[in-house]
Amino acid sequence: MGRHDTYDKLIFFCLSILLLHIPLKNADALACNWGTQASHPIPPNIVVKLLRDNGFNKVKLFEADPGALRALGKSGIQVMVGIPNDLLATMASTVTNAELWVQQNVSQYISKYGTDIRYVAVGNEPFLKTYKDRFVKSTYPALQNVQAALVKAGLGRQVKVTVPLNADVYESGDGLPSSGDFRSDIKTLMVSIVRFLADSVSPITFNIYPFLSLNADPNFPREYAFFPGSGGSGGGGAKPVVDGSISYTNVFDANFDTLVSALEKNGFDAEKVEIIVGEVGWPTDGDVNASPALAQRFNQGLLNRIVQGQGTPRRKTAPEVYVFSLVDEDAKSIDPGKFERHWGIFSYDGAVKYPLSLGNGRQLVPAKGVRYQAREWCVLSPQAAAGNGPNGATWTSSVEYACQLADCTSLGPGSSCAGLDSAANASYAFNMYFQKMDHRRGSCVFNNLGVVTKIDPSSGSCRFPIEIDTSRLRPRKNSGAGEGKWGTVVTVAMAVVWAVFY
């Protein structure tokens, strides 16, 4: 065996050692939204492990949350970080403001923590009709300034800009996807933004919500909201929407292809425009159309498409899709409905809500290491419940007070706790307040109607939660363990080469 043969085999051996320590991306890697509007959030390091354990290698943050960005450092997870709408005017006013934001929220996390930031999302659905043009003038200048700031920071190739837009920026006069075009009031602006992003080799992002389509229109065909083959009658129960030679069996495809038509009508090749679906999912509570069963049906159909790399009838290239969302958020606004706090595929504490197949035989696994408050609940006292008459008005005022300050979106028609009687209803409200207040002294009084119990009052589908213990949260130092391990592997490999050849 010659010297070159020995060299070739040794190099192969060294590369093999190195490759064993490089985290390979799965062909069916997943992306999701990580919202942080929670009164008692899961510690960021536990969320990052939850993402990794379930095969999510891309995540979107709605703002530059320091704890999340630090925890994502050297995790192997690619990050899209958002700029909230209320900062758009600031970003648009001067490029200096954008440069400062990029330095504080992008550059430092990349250089100091090794956070793999790939996108900056400028605003979130800024052209939504309900905003009444509030952000129309500032979004495009903000986008341009942030892009210029990234280039100046030397990140123009690594980090791309985008604007997550609601699907109401495009429309169809006759309801057919082939008639799609951008909304007339923002058409010129939309064309400018899409062209700017294409010239910057950056994606355009759109949020598509079949659930909202179903929920907004009592005449919307229910089966049309779901994907074919996703359970139930699988989309086959809906009458297809026939558009020329294409028959649409679900609203996601029809909605997306309306966008495709809008792009093509304005001179873009939809196959070449990079498109991200920034939000799509189904809630589990807070509405008659929101349940774990329906969410499982929709999201399993969605995940099947992602794993298979499936496009739509008018665009064969599959878009990158971010599932909405990872966990429930009890501090979110309830506009347009109580379901807004229940989009997570995991509960507030990282518990699995319903089974989902993630491809390659993988199933959802829950978060590990979450610490809870003491196993105690606050409920309506038996004496108060037995009175059930004179105290009725007092119950009402106490329940209203509790629900003004805590999350009671699981109460009411169509929700998971809709079957409770009036006494249990009061107990639920009392407990949500008690948990929100961290079991503090005096948080289970309610005019002497409340009492603390160690017996779980959960019943049927109605879960009386115990909140996460956030009192032990401390700023987490990045251990750099991954870097150290990588350095050791490289050193071992190079030592072998050195010993043989030198």
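Worth knowing before you read on, the calculation uses all heavy atoms, side chains too, and leaves out hydrogens, waters and symmetry mates.
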Within the distance-only criterion (no hydrogens, no angle test), does the side chain of [X] pair as donor or acceptor with the backbone N or O of [Y] below 3.5 angstrom?
X      : Y      : answer
Ser333 : Asp335 : yes
Asp287 : Asn289 : yes
Asp65  : Gly67  : yes
Gln435 : Glu376 : yes
Gln108 : Gln103 : no
Asn105 : Trp101 : yes
Thr139 : Val136 : no
Ser75  : Ile77  : yes
Asn33  : Ser325 : no
Asn124 : Pro84  : no

So which heavy atom on [X] is nearest to which on [Y], and how close?
X      : Y      : value
Gly123 : Pro164 : O-CD, 3.2 Å
Ile204 : Val163 : CD1-O, 4.2 Å
Ala290 : Phe339 : CB-CB, 4.4 Å
Asn431 : Pro465 : ND2-O, 3.1 Å
Leu197 : Pro203 : CD1-O, 3.4 Å
Thr284 : Gly344 : CG2-O, 4.4 Å

Rounded to the nearest 0.5 Å, what's the gap from [atom1] on [X] to [atom2] on [Y]? Could you check?
X      : Y      : atom1 : atom2 : value
Trp377 : His439 : CH2   : NE2   : 9.0 Å
Leu358 : Ile345 : CG    : CD1   : 7.5 Å
Met80  : Phe62  : CE    : CZ    : 10.0 Å
Phe226 : Phe252 : CZ    : CZ    : 14.5 Å
Ile275 : Glu320 : CD1   : CD    : 12.0 Å
Ser39  : Glu467 : OG    : CD    : 4.5 Å

Flag for [Y]-[X]: side-chain donor and acceptor within less than 3.5 Å:
X      : Y      : value
Tyr170 : Asn255 : yes
Asp285 : Ser416 : yes
Asp456 : Ser458 : yes

Residue among Leu165, Asn166, Asn85 satisfying side-chain contact (heavy atoms from CB on, under 4.5 Å) with Leu128: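 Exactly one pass, corresponding to Asn166.
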
Would you mind reporting whether [Y] and [X] have side-chain heavy atoms less than 4.5 Å apart?
X      : Y      : value
Val122 : Met91  : no
Ser357 : Asn304 : no
Val379 : Phe430 : no
Asp253 : Arg305 : yes
Asp168 : Glu125 : no
Ser443 : Lys436 : no
Gln158 : Ile110 : yes
Pro41  : Thr470 : yes

Whether over 12 other heavy atoms sit under 6.0 Å from Lys272 NZ: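 Atom NZ in Lys272 is not crowded, with 12 or fewer foreign heavy atoms closer than 6.0 Å.
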
Flag if over 12 foreign heavy atoms under 6.0 Å of CZ, Arg134: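 Not buried by this count: 12 neighbours or fewer within 6.0 Å.
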
Worked verdict on Tyr348 versus Ile42 for side-chain contact (heavy atoms from CB on, under 4.5 Å): CA-CA 8 Å; Tyr348 73 101; Ile42 306 173; over 6 Å; no

Full working for ring-ring contact (aromatic ring centres under 6.0 Å, His included) between Tyr428 and Phe464: CA-CA 7 Å; Tyr428 185 90; Phe464 281 58; 5.2 Å; yes

Stepwise side-chain contact (heavy atoms from CB on, under 4.5 Å) test for Phe206 and Ile276: CA-CA 6 Å; Phe206 295 91; Ile276 292 175; over 6 Å; no

Summary of salt bridge (Lys or Arg N to Asp or Glu O under 4.0 Å) pairs that have at least one residue in residues 336-353, sequence neighbours excluded: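 Matches after skipping sequence neighbours: Asp328-Lys353, Lys332-Glu340, Arg341-Asp407, Asp349-Arg463.
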
CA sep, side-chain torsions, deciding dist, call: Cys32, Lys60, side-chain contact (heavy atoms from CB on, under 4.5 Å): CA-CA 6 Å; Cys32 71; Lys60 179 156 74 76; over 6 Å; no

Worked verdict on Asp438 versus His40 for side-chain hydrogen bond (donor to acceptor under 3.5 Å, both in side chains): CA-CA 9 Å; Asp438 299 314; His40 294 69; 2.6 Å; yes

Salt-bridge contact Glu274-Lys160 (side-chain N to carboxylate O under 4.0 Å):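 No, no charged N to carboxylate O under 4.0 Å.
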
Sequence-distant partners of Phe196, ring pair (Phe, Tyr, Trp, His ring centres under 6.0 Å), two or more places apart: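 Per chain and number, Phe196 pairs via ring pair (Phe, Tyr, Trp, His ring centres under 6.0 Å) with Tyr140.
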
Criterion ring-ring contact (aromatic ring centres under 6.0 Å, His included) on Phe211 and Trp343, from CA distance to verdict: CA-CA 11 Å; Phe211 170 82; Trp343 288 95; 5.6 Å; yes

Test side-chain contact (heavy atoms from CB on, under 4.5 Å) applied to Phe434 and Val452, step by step: CA-CA 9 Å; Phe434 181 64; Val452 175; 4.0 Å; yes

Partner residues of Cys408 under the disulfide bond (SG atoms under 2.5 Å apart) criterion, sequence neighbours left out: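 Partners of Cys408 under the disulfide bond (SG atoms under 2.5 Å apart) test: Cys403.
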
Stepwise ring-ring contact (aromatic ring centres under 6.0 Å, His included) check, Tyr354 with Trp282: CA-CA 12 Å; Tyr354 47 83; Trp282 201 281; over 10 Å; no

Aromatic ring pairing Tyr433/Phe446, orientation class (parallel under 30°, perpendicular over 60°, tilted between):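 It falls in the perpendicular class, over 60°.
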
